[in-house]
Amino acid sequence: MPSNIDIAIIGAGAAGLAAAIFAAETNPSLSIALLDGAKTLGAKILVSGGGRCNVTNQRVTASDFHGNRKLIERILRRFDEQATVRWFDSLGVPLQTEATGKLFPKSNKARTVLDGLLRRCEALNVSLLTHHLVRDLTRAGGEFLIQHSHGTLRTKRAILATGGRSLPKTGSDGSGWGLAQQLGHTVTATYPALVPLLLEPSFFHAKLSGISHDVTLTTTVAGKTIDRRTGSLLWTHFGISGPVVLDTSRVWVRAAAQGEDVRLHLDCFPQPSNQDVEKWLIQAASLAGRKLVPTLLAERLPTRVATMLADIQQPALSDTPVNLLSKEARRNLVQTLTNLGLPIIGSRGWNFAEVTAGGVPLEEISPHSMGSRHMPGLYVIGEMLDCDGRIGGFNFQWAWATGYVTGCHAALDIMKQPTGEER
């Protein structure tokens with residue numbers, strides 16, 4: 001590896017690999033290197049989507065993300081979900097769409113995605129420098145000087161793609177933010193996102209572990225609703241998980257970290273209103289027979305959930321016929337079914353978070369190039385930025401899009417302005 005190269009990409013995750021490929025395709029004559037502290041690449045790709053890698057979604061818009069949506073939209077427009085499908089097809093990794101809108105490789109193996117990216121890097125002569133931990137990044141004249149675990153490297157363009165702090169066992173430790181700060185950037189407060197939530201041990205969740213069903217979760221701060229979403233919840237031995245919980249977690253974790261009075265409420269009947277649920281109970285009470293409360297609830301809920309919700313009433317309703325419910329007992333039951341307060345005590349933290357909320361503000365980056373507004377020749381992409389998407393392939397789409405914009409611009413910019421002095 002020469003000590004002077006054209007483009008150095010620090011971090012060889014999804015965004016970094018994409019940036020390297022698009023830069024090399026734009027100008028094959030460039031010398032391009034990916035530096036990563038890990039011994040093997042792509043750990044986060046391999047564990048994503050349950051080992052299948054949810055590459056993108058059939059429809060991606062700025063509303064699927066938290067952050068400056070005006071800037072997010074401009075970036076996503078440059079490389080949309082259809083471009084991702086075509087690109088992976090060109091890499092020999094055809095994708096398939098599932099009923100949820102998520103796109104996975106037809107092989108159903110994340111390894112296929114990683115191998116396709118690595119093969120393309122190899123074909124384009126991109127240098128993959130594993131076990132090269134970057135310790136320092138400074139401006140040196142019209143270039144950048146990179147101090148890493150094996151020595152030093154000079155580069156005309158530097159792309160920061162080290163990721164955030166989610167899933168640290170894959171190599172994400174947030175160190176890239178320090179490099180960005182050294183070169184004039186700020187970093188917003190960061191929080192685990194797309195992370196399971198913990199419940200008070202005394203709550204009933206452990207008895208329902210493994211059961212999933214559709215619910216609506218409402219998050220309030222100081223009594224005011226700030227988030228409401230519907231989807232599948234999974235009860236676990238530690239608390240709750242599942243798509244709707246992961247999407248909700250960002251809001252709860254951020255509010256709790258800021259010391260706000262944040263509450264989470266569960267509605268087990270996401271479609272009908274509270275009045276409709278009470279009407280359903282009244283109508284059931286008027287029918288012949290002595291149907292028990294848990295039996296009736298099990299018509300719309302998993303049996304164990306129905307039994308638990310009846311049992312936690314005071315007094316318990318597990319052996320009570322619906323037609324013997326008092327008005328007060330019926331209304332208490334409706335409250336439990338549609339507005340049950342969940343005693344959240346925290347999240348499972350960075351080790352189980354799928355993505356990072358917060359990072360380098362998008363306002364400090366040009367959406368045209370992903371280039372720094374503070375330091376010419378520097379680019380910041382992927383999860384390092386203050387932009388995070390909901391579950392469903394959106395965060396990978398952000399990685400591919402920012403990698404595309406950066407790679408193409410950095411390669412063309414070297415051809416036009418060898419010194420890197422722009423803006």
Side-chain angles (χ1 to χ4, degrees), residues 61-72 164-166 186-205 214-236 238-271 273-275 277 309 312 332 334-363 383 385-392 394-395:
T61 69
S63 63
D64 296 308
F65 296 83
H66 295 277
N68 186 322
R69 288 177 174 169
K70 182 177 179 181
L71 297 179
I72 293 170
R165 293 178 60 193
S166 59
T186 59
V187 177
T188 67
T190 57
Y191 312 97
L194 299 186
V195 61
L197 297 175
L198 304 174
L199 288 168
E200 286 278 4
S202 59
F203 202 61
F204 59 70
H205 53 280
D214 285 345
V215 304
T216 292
L217 291 179
T218 300
T219 308
T220 64
V221 169
K224 181 181 179 181
T225 298
I226 61 170
D227 186 73
R228 179 180 285 118
R229 58 188 69 236
T230 298
S232 179
L233 174 144
L234 172 67
W235 297 99
T236 72
F238 57 78
I240 51 176
S241 187
V244 71
V245 175
L246 298 184
D247 283 334
T248 297
S249 65
R250 183 200 198 275
V251 181
W252 191 95
V253 169
R254 185 173 184 271
Q258 294 177 343
E260 297 181 285
D261 178 20
V262 58
R263 307 289 177 90
L264 190 62
H265 290 84
L266 170 70
D267 183 351
C268 290
F269 291 80
Q271 297 307 319
S273 66
N274 291 11
Q275 292 81 1
V277 174
L309 294 178
I312 64 173
N332 287 340
V334 171
Q335 178 72 8
T336 298
L337 295 173
T338 62
N339 194 32
L340 177 64
L342 296 176
I344 307 296
I345 59 174
S347 77
R348 297 199 82 189
W350 293 112
N351 287 334
F352 295 90
E354 294 186 17
V355 71
T356 299
V360 175
L362 287 176
E363 294 79 6
E383 196 177 343
L385 295 166
D386 185 7
C387 172
D388 56 287
R390 64 186 181 91
I391 196 169
F394 300 98
N395 291 292

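By convention here, the first residue in the shown sequence is residue 1.
Annotation for R263: atom CZ does not count as buried by contact number, only 12 or fewer foreign heavy atoms lying within 6.0 Å.
A 4.5 Å side-chain heavy-atom check between D227 and T248 finds at least one atom pair inside the cut-off. Side-chain contact between T186 and P361 is present, with heavy atoms from C-beta onward closer than 4.5 Å. Under the 4.5 Å side-chain criterion, counting only non-hydrogen atoms from C-beta, I240 is in contact with I344.
For E383 and N395, the side-chain atoms include no donor-acceptor pair closer than 3.5 Å. For E200 and S202, the side-chain atoms include no donor-acceptor pair closer than 3.5 Å.
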Practice problem: Please report the C-alpha distance between T190 and W350 in whole Å, then the side-chain angles of each, then the deciding distance to 0.1 Å, and finally whether the side-chain contact (heavy atoms from CB on, under 4.5 Å) criterion is met. | Solution: CA-CA 11 Å; T190 57; W350 293 112; 4.2 Å; yes
Quiz prompt | Derivation and outcome, side-chain contact (heavy atoms from CB on, under 4.5 Å), residues V244 and S232 | solution = CA-CA 6 Å; V244 71; S232 179; 5.8 Å; no
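Across Y191 and A257, no two heavy atoms sit closer than the pair CE2-CB, 3.3 Å. The minimum heavy-atom distance linking L194 with I391 is given by the pair CD2-N, 3.8 Å. Considering all non-hydrogen atoms of both residues, R250 and A357 come closest at NE-CB, 3.6 Å.
For the atom pair T216 OG1 and N339 CG, the distance stands at 11.0 Å (nearest 0.5 Å). Rounded to the nearest 0.5 Å, atoms CH2 (W252) and CG (L264) are 9.0 Å apart. I226 contributes atom CD1, which lies 11.0 Å from atom OG1 of T218 (distance to the nearest 0.5 angstrom).
Under the 3.5 Å distance criterion, the side-chain polar atoms of T338 are left unmatched by any main-chain donor or acceptor of D267. Here the side chain of T356 pairs a donor or acceptor atom with the backbone of S166 at under 3.5 angstrom.
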